[in-house]
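Below is one structure, written out as structure tokens; the observations come after it.
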Amino acid sequence: MKTFERIEKETLYFSSCETCEAHCCDGERGILYAQILLEDFEKVYENFPIVFMYGELGYLKPVILLTNGKEFCRYLENNLCTIYEKRPSTCRNYPLSAHLDNSIYVDKNCPAITNEGTIIVKNGKINKEFNNYSFSDYQIRYINTHFCFHEINNSDNLTKAITLNGIDFYKFVKDFDDKYVNMHLESLKNIDKYYLKAIK
């Protein structure tokens, strides 16, 4: 399981993915979905289903289904990513993660976080060579994503797309002439036998 902790003043080293058994791609280890922002839609909709789930306060948030909750990511072969250059930002950032409090978090359970290797965080700041994602202003980008779907978030416009590991994921019933909803609907072609066999 991933266990993210807020980065404070520490220095963290990243060894290599080469000796890892792809824990971060394993549905059996709890890897199921990742939240995305508006900027992610165009990067992921061709390879992953974009669906929606309800947050604790009833707001709607877009997520991608990384696995079917039972198996490894469908794009993993011999512990290597076959869409590496087109992998989602959540994979690109790992073991780091942005957060609503605009702090950076790290998964301390990642086997590559060791006492040697490449410095990814020094004195609480991300190494520029490792920083391939804009972690700044995450909160406002998250809020903008929420408000993009706020007006069409009602039960008449949504229906259940799939249930995996007891979690309901939803889809819109039409595109509302909205480019993000349209990409979401196009992405649903990816809910194929890989996902469906996990609910039998």
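Quick note: residue numbers are just sequence positions, from 1. Predicted, not measured: the structure shown is a model, and the values here were computed from it.
- Of all the heavy atoms in Tyr194 and Leu66, the pair that sits closest is OH-O, 4.4 Å.
- Between atom NZ of residue Lys174 and atom CG of residue Asn182 there is a gap of 13.5 Å, rounded to the nearest 0.5 Å.
- Among all heavy-atom pairs drawn from Asp178 and Val181, the shortest one is OD1-N, 2.9 Å.
- You'll find the side chain of Asp168 stays beyond 4.5 Å of the side chain of Met53, heavy atoms only.
- For the residue pair Tyr94 and Asp107, a side-chain donor N or O sits within less than 3.5 Å of a side-chain acceptor on the partner.
- Residues Tyr84 and Tyr75 place their aromatic rings such that the two centres sit no closer than 6.0 Å.
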With side-chain contact (heavy atoms from CB on, under 4.5 Å) as the criterion, how do Val63 and Ile36 come out once you've worked through the C-alpha distance, each side chain's angles and the decisive distance to 0.1 Å?
CA-CA 5 Å; Val63 301; Ile36 61 172; 5.9 Å; no
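- Asn157 contributes no side-chain N or O that, together with a main-chain N or O of Asn153, makes up a donor-acceptor pair within less than 3.5 Å.
- Hydrophobic clustering of Ile, Leu, Val, Met, Phe, Trp and Tyr side chains at less than 4.5 Å, counting indirect connections, unites Val106 with Val121.
- The aromatic ring centroids of Tyr170 and Phe52 lie 6.0 Å or more from each other.
- Using a distance-only test at 3.5 Å, with no hydrogens or angles considered, a donor-acceptor pair links the side chain of Tyr195 to the main chain of Leu65.
- Using a distance-only test at 3.5 Å, with no hydrogens or angles considered, a donor-acceptor pair links the side chain of His184 to the main chain of Ile50.
- For Asn154, the CG atom counts as densely surrounded, since its 6.0 Å shell holds more than 12 non-hydrogen atoms of other residues, nucleotides or ligands.
- The CG atom of Leu185 sits 9.0 Å away from the CZ atom of Phe176 when rounded to the nearest 0.5 Å.
- For the pair Ser97 and Thr90, the minimum side-chain heavy-atom distance is 4.5 Å or more.
- At least one side-chain heavy atom of Phe172 sits under 4.5 Å from a side-chain heavy atom of Leu158.
- In this structure the side chain of Tyr59 never reaches within 4.5 angstrom of the side chain of Phe149, judged on heavy atoms.
- Shortest non-hydrogen contact noted between Thr163 and Ile199 is O-CG2, 2.9 Å.
- Applying the 6.0 Å contact sphere to CD of Glu10 captures more than 12 heavy atoms from other residues, nucleotides or ligands.
- Using a 4.5 Å heavy-atom cutoff, the side chains of Pro62 and Phe41 are in contact.
- Within 6.0 Å of CD on Glu42 lie no more than 12 heavy atoms contributed by other residues, nucleotides or ligands.
- In this structure the side chain of Tyr105 reaches within 4.5 angstrom of the side chain of Arg6, judged on heavy atoms.
- Across every non-hydrogen atom of Leu60 and His146, the tightest pair is O-ND1, 4.0 Å.
- Hydrophobic cluster membership is shared by Ile191 and Ile31, with clusters built from Ile, Leu, Val, Met, Phe, Trp and Tyr side chains linked at under 4.5 angstrom.
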Working for side-chain contact (heavy atoms from CB on, under 4.5 Å), residues Leu196 and Ile162
CA-CA 8 Å; Leu196 298 178; Ile162 193 169; 4.3 Å; yes
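- The distance from the CG atom of Asn93 to the CZ atom of Arg87 is 9.0 Å, given to the nearest 0.5 Å.
- Grouping the Ile, Leu, Val, Met, Phe, Trp and Tyr side chains by contacts below 4.5 angstrom, directly or via other members, places Leu38 with Tyr33.
- Of all heavy-atom pairs spanning Thr67 and Cys73, the tightest one is CG2-N, 3.8 Å.
- The side-chain tip of Arg141 does not point at the ring of Tyr138 from less than 6.0 angstrom away and within 45° of straight on.
- Residue Arg92 holds its CZ atom at 9.0 Å from SG of Cys81, rounded to the nearest 0.5 Å.
- To the nearest 0.5 Å, atom NZ of residue Lys61 and atom CG of residue Leu37 are 12.0 Å apart.
- Residues Lys189 and Glu46 are not paired through a salt bridge, judged by the lack of any N-O separation under 4.0 Å between the basic side chain and the carboxylate.
- Across Thr11 and Lys122, no two heavy atoms sit closer than the pair OG1-CA, 3.6 Å.
- Between Val173 and Lys171 the shortest side-chain heavy-atom distance does not fall below 4.5 Å.
- Formation of a donor-acceptor pair under 3.5 Å by the Asn190 side chain with backbone atoms of Ser187 is found in this model.
- Taking the side chain as every heavy atom from C-beta outward, Leu12 and Ile119 never approach each other to under 4.5 Å.
- Panel note: side chain Asp26, backbone Glu28; a donor-acceptor pair is recorded below 3.5 Å.
- Within 6.0 Å of atom CD in Glu116, 12 or fewer heavy atoms from other residues, nucleotides or ligands are found, so the atom counts as exposed in its surroundings.
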Show your working on side-chain contact (heavy atoms from CB on, under 4.5 Å) between Ile83 and Phe48 and close with a plain yes or no.
CA-CA 11 Å; Ile83 58 165; Phe48 294 91; 3.8 Å; yes
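- No donor-acceptor pair under 3.5 Å is formed between the side chain of Gln139 and the backbone N or O of Asp101.
- Checked by atom type and distance alone, the side chain of Asn68 pairs as donor or acceptor with a backbone atom of Lys70 at under 3.5 Å.
- Taken to the nearest 0.5 Å, the CG atom of Asn102 stands 9.5 Å off from the CD1 atom of Ile140.
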Run the side-chain contact (heavy atoms from CB on, under 4.5 Å) test on Phe4 and His99 for me, step by step, so that the C-alpha distance in whole Å, both residues' side-chain angles and the decisive distance to 0.1 Å come before the verdict.
CA-CA 10 Å; Phe4 287 96; His99 194 272; over 6 Å; no
